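One structure is given here, and the rest of the page talks about it.
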2 protein chains.
Amino acid sequence: MAAAWEEAREHGLATLTLRQLAARIGMSAPSLYTHFAAKHAIYDAMFADAWREVERLQVAMVLPAEPRAALRTVARTFFDFSTADLPRHQLMDSRIIPDFTPTPEAYAPAVRVMTNLHKLFATIFGTARNEDVDLFSALVGGLIDAQWANDPGGQRYGRLLDRAIDMFADDMGLPPAPASGPAPQPDEPTPGSDQE
Amino acid sequence: MAAAWEEAREHGLATLTLRQLAARIGMSAPSLYTHFAAKHAIYDAMFADAWREVERLQVAMVLPAEPRAALRTVARTFFDFSTADLPRHQLMDSRIIPDFTPTPEAYAPAVRVMTNLHKLFATIFGTARNEDVDLFSALVGGLIDAQWANDPGGQRYGRLLDRAIDMFADDMGLPPAPASGPAPQPDEPTPGSDQE
DNA sequence: GTCTATAGTTTGATAGAC
DNA sequence: GTCTATCAAACTATAGAC
């Protein structure tokens with residue numbers, strides 16, 4: 001599996017060949033069929049691998065109590081993960097491999113990640129409407145894709161992530177972020193917290 | 001060219017073959033080389049075609065005077081165009097064809113479209129900062145990609161477009177949309193316009 | 001489990017007649 | 001400009017020996 005990811009990063013995901021993959025681990029191409037029924041089974045395992053890693057990150061995430069900060073943490077976690085590895089992002093979030101559809105078993109971790117995202121929303125907002133989660137996902141996904149398309153490896157869109165999330169938080173009716181320092185009492189207006 | 005688009009819509013963009021394309025127009029595959037130097041030259045012509053069509057749409061766009069409505073029109077125009085044709089969207093906005101990079105001539109219309117978008121921003125906002133245009137593009141692009149990925153042919157993300165644009169307009173400091181009917185005087189607060 | 005050998009298919013592209 | 005014939009290369013996958 002590690003060799004498959006390396007191969008994809010070097011030569012592209014769609015152009016990954018069994019010969020090159022086998023050569024990388026000192027095997028012959030036909031020997032791969034002992035471990036995978038077909039080439040698509042390799043993509044399938046990679047797909048599941050990637051989403052399980054997101055799931056692990058998601059579970060390990062420590063969310064700040066302040067709602068906006070929590071939302072920023074969620075968004076940044078996904079953004080950083082998805083902009084770190086192009087073939088992984090392509091396999092998880094696009095249809096770059098013709099005729100490849102993940103099996104239900106491989107798809108299961110992806111479903112769990114989305115379920116967990118709904119739970120995170122319920123924690124942060126007290127409710128988790130589908131359309132809110134959809135908008136949030138599309139927002140973060142749009143920045144990820146733009147980053148890969150127009151400035152791979154750079155910061156051009158990553159810099160806009162917090163602003164985008166704040167925009168969304170405003171739309172969701174979250175209270176403005178408290179000034180730095182200990183969180184103020186909700187009933188007590190923070191001195192000097194007028195808009196900058 | 002029309003046959004190439006049809007072929008891409010039916011069998012996929014990346015799996016388009018010269019034989020099938022030629023068969024569609026009653027030609028032999030080698031005869032295509034009279035008109036295109038290589039397969040990539042066909043993709044190149046398609047790429048230019050698609051962006052020229054966006055440019056035409058963009059130039060023909062009639063923008064409402066009210067800034068939020070204008071922004072919504074711009075966004076909706078791009079969204080509808082990009083969700084209408086999958087291979088066209090893939091060719092324009094992703095890197096689905098390995099080793100294909102548009103030639104500078106084919107890329108020129110895309111550059112003009114982005115230049116025009118900056119001008120539109122200048123018209124609507126009085127200014128056109130790169131980061132604002134970037135955020136707007138990523139926002140619309142994110143909804144387009146989510147629409148294709150999770151609900152092709154549906155309305156799930158298209159329904160969220162106006163909300164997303166309003167979110168962005170708020171962030172940009174545009175005044176709230178006037179109630180239906182004639183636009184109110186800027187100095188006169190609209191009755192009943194407190195937050196909902 | 002791993003190998004060599006190879007089947008079987010598809011592809012982009014070229015040669016050369018007409 | 002268009003055709004037929006074909007090249008040269010690549011690929012996934014299978015057969016069968018060890």
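On a predicted model such as this, the values are computed, not experimentally measured, just so you know. Below, read A as the first sequence line, B as the second, and so on, with proteins coming before strands; counting in each chain starts at 1.
Heavy-atom contacts from other residues, nucleotides or ligands closer than 6.0 Å to CZ of B/Arg95 number 12 or fewer.
Across residues 96-104 of chain B, not one residue has a non-hydrogen atom less than 4.0 Å from an atom of DNA chain C. Of the residues in residues 34-47 of chain A, those placing a heavy atom less than 4.0 Å from an atom of DNA chain C are A/Thr34, A/His35, in numerical order. A heavy atom closer than 4.0 Å to some atom of DNA chain C occurs in no member of residues 7-14 of chain B.
Under the side-chain hydrogen bond (donor to acceptor under 3.5 Å, both in side chains) criterion, A/Asn130 pairs with A/His118, not counting sequence neighbours. Contacts of A/Pro67 classified as side chain to side chain contact (heavy atoms under 4.5 Å, CB included), with partners at least two apart in sequence or in another chain: A/Ile124, A/Leu174.
The residue among B/Arg19 and A/Thr15 whose nearest nucleotide of DNA chain D lies closer to the 5′ end is B/Arg19.
A salt bridge links B/Arg76 with B/Asp162; the closest basic N to acidic carboxylate O contact falls under 4.0 Å.
A/Thr17 comes within contact range of the sugar-phosphate backbone alone, with a heavy-atom separation under 4.0 Å but no base atom that close. If you check every strand for non-hydrogen atoms under 4.0 Å, A/Leu32 touches nothing.
Between B/Leu13 and B/Met46, some side-chain heavy-atom pair lies under the 4.5 Å cut-off.
Note that the first and last nucleotides of DNA chain C, 5' to 3', having any atom under 4.0 angstrom from a heavy atom of chain B are C/dT11 to C/dT14.
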